[in-house]
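Accompanying notes for the structure given below.
Computed over heavy atoms, backbone and side chain alike; hydrogens, waters and symmetry mates excluded.
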Amino acid sequence: MLAALAIGPILNKELLWTPITAINMRDIARNQFKMENLSFSGLDNNNNPFSIKAKTARQEYLDPDKVFMTDIIARTIRIDNDRQVTDDIRANSGIYDKVKKNATLKGNVRVDSDNGDTLRTNELVIQL
């Protein structure tokens, strides 16, 4: 619950959180807050749903507007030519930026859409 309270203010949308099993006080003492199995979801600026899951994540006290994530699985839903399209996204790492309201995904980024589109790149910025 403490994790949700600590990271909750960085996001402007209503979120659903998975439980965080442990807090490592040594990492907090080193000015960072680490999480495992991070999961959040919400609505983007166009009221389309999105979800992001990460195997690990951390937030630094000196940079509280960003969440640094690893092993990311995300899903976005968008409208393309009056048709709903679901994008399944994977990446090695990423940064959620509260101020810019985006997620920058890096390393082996893969997007597979249910309309048949695919994308492979080293970096992808998703505007939320």
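Partner Asn102 forms a side chain to side chain contact (heavy atoms under 4.5 Å, CB included) with one of Ile95, Val125, Ile126 and no other, that one being Val125. Between Ser113 and the choices Thr118, Thr76, Asp87, the side-chain hydrogen bond (donor to acceptor under 3.5 Å, both in side chains) rule is met once, by Asp87.
In terms of modelled atom types and a separation under 3.5 Å, the side chain of Asp114 and the main chain of Thr86 share a donor-acceptor contact. A donor-acceptor contact shorter than 3.5 Å is absent between the side chain of Asn81 and the backbone of Arg83. Of the possible donor and acceptor atoms, one in the side chain of Gln127 sits under 3.5 Å from a partner among the backbone N and O of Lys100.
Both Leu119 and Val109 belong to a single network of hydrophobic side chains, linked directly or stepwise wherever heavy atoms of I, L, V, M, F, W or Y lie under 4.5 Å apart. Leu105 and Ile77 sit in two unconnected hydrophobic clusters of ILVMFWY residues. Membership requires side-chain heavy atoms under 4.5 Å apart, directly or through other members. Hydrophobic clustering (side-chain heavy atoms under 4.5 Å, transitive across Ile, Leu, Val, Met, Phe, Trp, Tyr) keeps Phe40 apart from Phe68.
To the nearest 0.5 Å, atom CZ of residue Arg90 and atom CZ of residue Arg75 are 10.0 Å apart. The NZ atom of Lys55 lies 9.0 Å from the CD atom of Glu36; values are rounded to the nearest 0.5 Å. Atom CD1 of Ile72 and atom CD1 of Ile52 lie 7.0 Å apart (nearest 0.5 Å). Between atom CG of residue Asp71 and atom CG of residue Asn92 there is a gap of 7.0 Å, rounded to the nearest 0.5 Å. From Lys34, atom NZ reaches atom CD of Gln59 across 14.0 Å, with rounding to the nearest 0.5 Å. Rounded to the nearest 0.5 angstrom, Asp97 CG and Leu128 CG are separated by 10.5 Å.
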Step-by-step salt bridge (charged side-chain N to carboxylate O under 4.0 Å, His left out) determination, Arg58 to Glu60: CA-CA 7 Å; Arg58 67 182 166 79; Glu60 298 178 356; 2.4 Å; yes

Salt bridge (charged side-chain N to carboxylate O under 4.0 Å, His left out) between Lys101 and Asp65, worked out: CA-CA 10 Å; Lys101 296 182 182 174; Asp65 292 331; over 6 Å; no

Val85/Asp117 under side-chain contact (heavy atoms from CB on, under 4.5 Å): CA gap, chis, key distance, verdict: CA-CA 10 Å; Val85 177; Asp117 291 345; over 6 Å; no

Residues Asp112, Arg120; criterion side-chain contact (heavy atoms from CB on, under 4.5 Å); working and verdict: CA-CA 9 Å; Asp112 295 299; Arg120 304 295 185 258; 3.1 Å; yes

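Asp44 and Asn46 are not linked by any side-chain donor-acceptor pair at a separation below 3.5 angstrom, with hydrogens and angles left out of the test.
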